[in-house]
Amino acid sequence: MELRRIASAQLRPLLLLLVAAAIVGAAWSLIVPAWQAPDEHSHFGYAQTLAEQGEPPASEGDRRYSTEQEQAADAIGADQLAANLFARPEWSEAEYERWRRLQAAEGEAARADGDGAGPEGSNSARTNPPLYYAFEAIPYHAASATDLFGRLYLMRLWSALLVLVAAAATWAFVGELLGPRRGLQLAGAAVVALQPMAVFVSASINPDAMLIPAFATTLWLGVRVIRRGLTVGNGAALCAAAAVAILAKATGYALLPGVFLALAIGGYRAAGGLRVGSLVKRSALPLLALAVPVGAWLAYARLSDRPAVNQVGAGGGGDFDHAGLFSYLWQFYLPQAPGQMPLPPGYPSLPARDFWIEGFWGKFGWLEIVWPDPLYLAVGLLTAAAIVGAGVALVRSGLRRHAAEAAFLVLVALSLLGGLHLTEYRILADQNTVFNQGRYLLPLLPLLAAAVAAALSLAKGQVQQALVGALVGFLFVLQVVSLAIVGARFYA
Amino acid sequence: MRSWAVRSFLVVAVAGLVVAFAVVVGDDRDTAFTLGVAPGLPAAELRPGAEGCQTPVPVAEAFDGVRMQVGTYRRKGSPLTVSIRTPDSGREIAAARVPGGYADVSQLGVTLDSTVAPGQRVAVCVRNAGQRKVAIYGGPELANVGTTVEIGGRDQKTDMTLVFTRPPSSLLSQTSEIFERASLFRPVWIGPWAYWLLAGLILVAVPALLARSLRAASVEDSLPQSGSQP
């Protein structure tokens, strides 16, 4: 009883934060018009196909979306509205009643006649693994008695719960890194729970929502395995978390190098030295938690002639151009140097700022809804201060002592970042188009949150408390401003 | 006694909300509704004396003005007349004149001589009353299904970029209307009340929860750490 009371008191800050975040998530779910989050129409089409037909979309089909989805999208002017600041969603009662009559006349067959793929596989989401969409099938079926909007918005509300899981895992992750320091844990969890882009994406229908908690859990368990030594239990949990990420979106494969490193270090520490036989024995069972579900998906995809991961070209089909890759990376992070071939016209002048700061923190709708510039400056400074502060905190606490955890975290970050850049470079070479989006970096949000907490640990006592409070206040204000801007864009 | 975390949270949150409130009060909006067409191409080229009509346009909200983008081919703009009519009988409901001399690719805001009531379909006609050619910007016809541009009775397969306006009012004063609009095309159990409730929760309950969370964390951090779990 006493232990329960203590545990409850220890978790109280987190629970209160999660209730606040749930309210904010519900607001995001309901304020954004249907299909006005990135690629939401594609993801809804996939989810509806899986829910109605019991299997994911094929490589190609005839009809990308169901009649029901197309009619509803037409009724609110979804395609016209996307990224078009001149447009507003349909807000005529008469049009709403017209749509209700139309969908009543169509009946339930109109839900199931889409294939989620479309001619020539025109639904870009069709290549995603099915886990997130299966997760979304739960609210879809729960609301099956309602109209399309009843199902879509319940799916959004359900998806928004994932950001709470991510925040709770980040709380544990920061606790594992910095010890049971509730103020710092709260700061880290709040960065995830109240980061506007993370909540916006999680409160839409998008598998990126599942990546954030999966990465947060993997980061937490990876550090735990490294610090406490590999056991069947913590190793299996780590591998299962990575499997969830992989089965949500191919981006999850970026976790594998880090997971293998964590298993190796944790195995080494548990065995008390480098014993290959012991390491293999200790890792084998946990790895099944990764290999079985991922293997099953790969086998199913192969047998049913589906792509298991997105297919990307191989750098123009010829030899890989390393100089070109270097030039691309340079211009992504730095101004163009003399003699470099410029990036295609679709690129902003400094992509790192546009994608990794502005797009990562807050660009809403189809990215057409932006903050005033000073807010981007503020979050850019916050991000930079967190990264520098975390580095200082790491050095002060003993770089050598924490080298293994640091190597694991850096490897996860570089694997994701490297994968995104390599993919974009290949797409550039093949199609000359932009690939990266700020939200693709959201799986690293728990890592940024830990960096924020580590940076805050440099301050002591009341100063640290004041900084934590100011951070949470700033995040709260960001949420209010973001919701107001989004509401005004669509309905004023 | 309040912790430093709660104090600093309250200072930042209140300061931020005050600034946000000031912006919302000062941000006047005049959009009644729009056809939602982005200005990507000349949707109606009007030679001297010619008239182009966007028709039929369902009137979702009352309006007393129209905003449009006009190209003048790098010369001074010709005077225009704007007329709102019934599509079938051609009866004029409201009208306005635009004096010439405006610049190329101008956003012209026109105030009509009377307010057009909602719930009807109208034709929005622009007549070139000058001596030089002008173009009303818009997009391909698919930009807005069910309405089109006609010149001399011929379908141009385009739509004009038309924004229908009303007297400007602050975002704050439009809150009720914003929530009504937001509750359309939602689950049937969602009404404007849900947005009022959420707004109240976000402005009152969320900061209260966050403040209590910070306070609980401060209390926990001030206790001895034995037996604590991450």
Side-chain angles (χ1 to χ4, degrees), chain A residues 6-7 9-10 12-13 16-17 19-20 23-24 26-27 30-31 33-34 74-77 80-81 84 86-94 96 146-147 149-150 153-154 172 175-176 179-183 186 462 465-466 468-470 472-474 476-477 480-481 483-484 487-488 490-492, chain B residues 3-13 16-17 20 24 27 29 31 33-34 36-39 58 60 119 143-145 161 163 171 174 177-179 181-182 184-190 194-195 198 201-203 205-207 209-210 212-214 216-218 220-221 225 227-230:
Chain A
I6 291 171
Q10 288 172 351
R12 190 176 163 80
L16 290 164
L17 171 70
V19 175
I23 294 169
V24 174
L30 290 174
I31 196 78
D74 281 349
I76 61 167
Q80 186 190 5
L81 183 57
N84 176 6
F86 284 87
R88 299 288 182 275
E90 181 61 62
W91 59 45
S92 152
E93 286 273 1
Y96 176 63
T146 68
D147 63 28
F149 293 107
Y153 282 95
L154 193 63
E176 193 67 44
R181 299 163 73 178
R182 306 307 173 201
L186 179 63
Q462 292 176 340
Q465 278 193 19
V468 170
V472 176
F474 177 63
F476 165 68
V477 172
V480 173
V481 169
L483 285 164
F490 288 119
Y491 309 111
Chain B
S3 72
W4 282 90
V6 176
R7 286 180 199 176
S8 64
F9 167 76
L10 290 175
V11 168
V12 173
L17 288 181
V24 168
D27 185 355
R29 304 285 175 113
T31 302
F33 67 100
T34 163
V37 180
N144 192 303
V145 179
T161 299
V163 177
L171 265 183
Q174 294 184 34
E177 200 170 27
I178 286 172
F179 289 169
R181 290 168 174 175
L184 210 57
F185 293 102
R186 294 296 189 275
V188 288
W189 48 272
I190 291 288
Y195 293 89
L198 280 169
L201 288 171
I202 284 174
L203 292 176
V206 168
L209 286 161
L210 293 176
R212 290 189 67 178
S213 171
L214 286 162
S218 300
E220 273 296 305
D221 279 342
Q225 295 298 311
S228 292
Q229 296 296 314

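Owing to the predicted nature of the structure, the values given are computational and were not obtained by experimental measurement. Here is the naming used below: chain letters follow the sequence lines, and residue numbers restart at 1 for every chain.
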For B/Ala217 and A/Leu186, which heavy atoms make the closest approach, and how far apart are they? CB-CD2, 4.0 Å

Side chain, backbone, both or neither: which part of A/Val19 has an atom under 4.5 Å from a heavy atom of chain B? both

Can you check side chain to side chain contact (heavy atoms under 4.5 Å, CB included) on B/Val6 and A/Gln465, steps first, answer last? CA-CA 8 Å; B/Val6 176; A/Gln465 278 193 19; over 6 Å; no

Tell me the closest heavy-atom pair linking B/Leu198 and A/Ala27, and the distance in Å. CD1-CA, 3.8 Å

Using modelled atom types only, decide if a donor and an acceptor are shared between the side chain of A/Gln462 and the backbone of B/Trp4 within a distance under 3.5 Å. no

Most contact-rich option vs chain A, by heavy-atom pairs under 4.5 angstrom, among B/Ala60, B/Ala194, B/Ala182, is B/Ala182

Distance col, row A/Tyr491:OH vs B/Leu171:CG, nearest 0.5 angstrom, shows 14.0 Å

Side chain, backbone, both or neither of B/Glu177 within contact of chain A (heavy atoms, under 4.5 Å): neither

Part of B/Ala20 within contact of chain A (heavy atom distance under 4.5 Å): side chain

In the structure I gave you, are the side-chain heavy atoms of B/Pro187 and A/Thr146 within less than 4.5 Å of one another anywhere? no

How far does CZ of A/Phe476 sit from CD1 of B/Ile202, to the nearest 0.5 angstrom? 8.0 Å

Any idea which heavy atoms bring A/Ala466 and B/Ser8 closest together, and the distance? O-OG, 2.6 Å

Using 0.5 Å steps for rounding, measure from the CG atom of B/Leu214 to the CZ atom of A/Arg182. 14.5 Å

Relative to chain B, which of A/Ala34, A/Pro89, A/Ala87 shows the most heavy atom pairs under 4.5 Å? A/Ala87

Sequence neighbours excluded, the answer for ring-ring contact (aromatic ring centres under 6.0 Å, His included) partners of A/Phe149 is A/Trp99, B/Phe185

Check: B/Tyr195 side chain, A/Leu30 main-chain N or O, donor-acceptor pair, under 3.5 Å: yes

Taking every heavy atom of B/Ser213 against every heavy atom of A/Pro13, the minimum-distance pair comes out as OG-O, 2.7 Å

Can you measure from CD1 (A/Ile31) to CZ (B/Arg186) and round to the nearest 0.5 angstrom? 7.5 Å

Honestly, the part of B/Phe179 sitting under 4.5 Å from a heavy atom of chain A is neither

Donor-acceptor contact present, side-chain B/Gln174 to main-chain A/Ala492, <3.5 Å: no

Heavy-atom side-chain contact between B/Leu210 and A/Leu16 under 4.5 Å: no

Could you look at B/Arg29 and say if it's the side chain, the backbone, both or neither that has a heavy atom under 4.5 Å from chain A? side chain

I'd like to know if the side chain of B/Thr34 and the backbone of A/Phe86 have a donor-acceptor N/O pair within less than 3.5 Å. yes

What part of A/Val481 lies closer than 4.5 angstrom to a heavy atom of chain B: side chain, backbone, both or neither? side chain

On a heavy-atom basis, the closest approach of A/Val477 and B/Leu17 is CG2-N, 4.4 Å

Is A/Leu154 close to chain B through its backbone or its side chain, or both, or neither, when contacts mean heavy atoms under 4.5 Å? neither

Report the distance from atom CZ of B/Phe33 to atom CD of A/Glu90, rounding to the nearest 0.5 Å. 10.0 Å

Let's go through B/Leu209 and A/Ile23 carefully: what are the C-alpha distance in whole Å and the side-chain angles of both, what is the deciding distance for side chain to side chain contact (heavy atoms under 4.5 Å, CB included) to 0.1 Å, and is it a yes or a no? CA-CA 11 Å; B/Leu209 286 161; A/Ile23 294 169; 4.0 Å; yes

How far does CZ of B/Arg212 sit from CZ of A/Arg12, to the nearest 0.5 angstrom? 5.0 Å

What part of A/Phe490 gets closer than 4.5 Å to chain B, counting heavy atoms only: side chain, backbone, both or neither? neither

Mind listing the closest non-hydrogen atom pair of B/Asp221 and A/Pro180 along with its distance? OD1-O, 4.3 Å

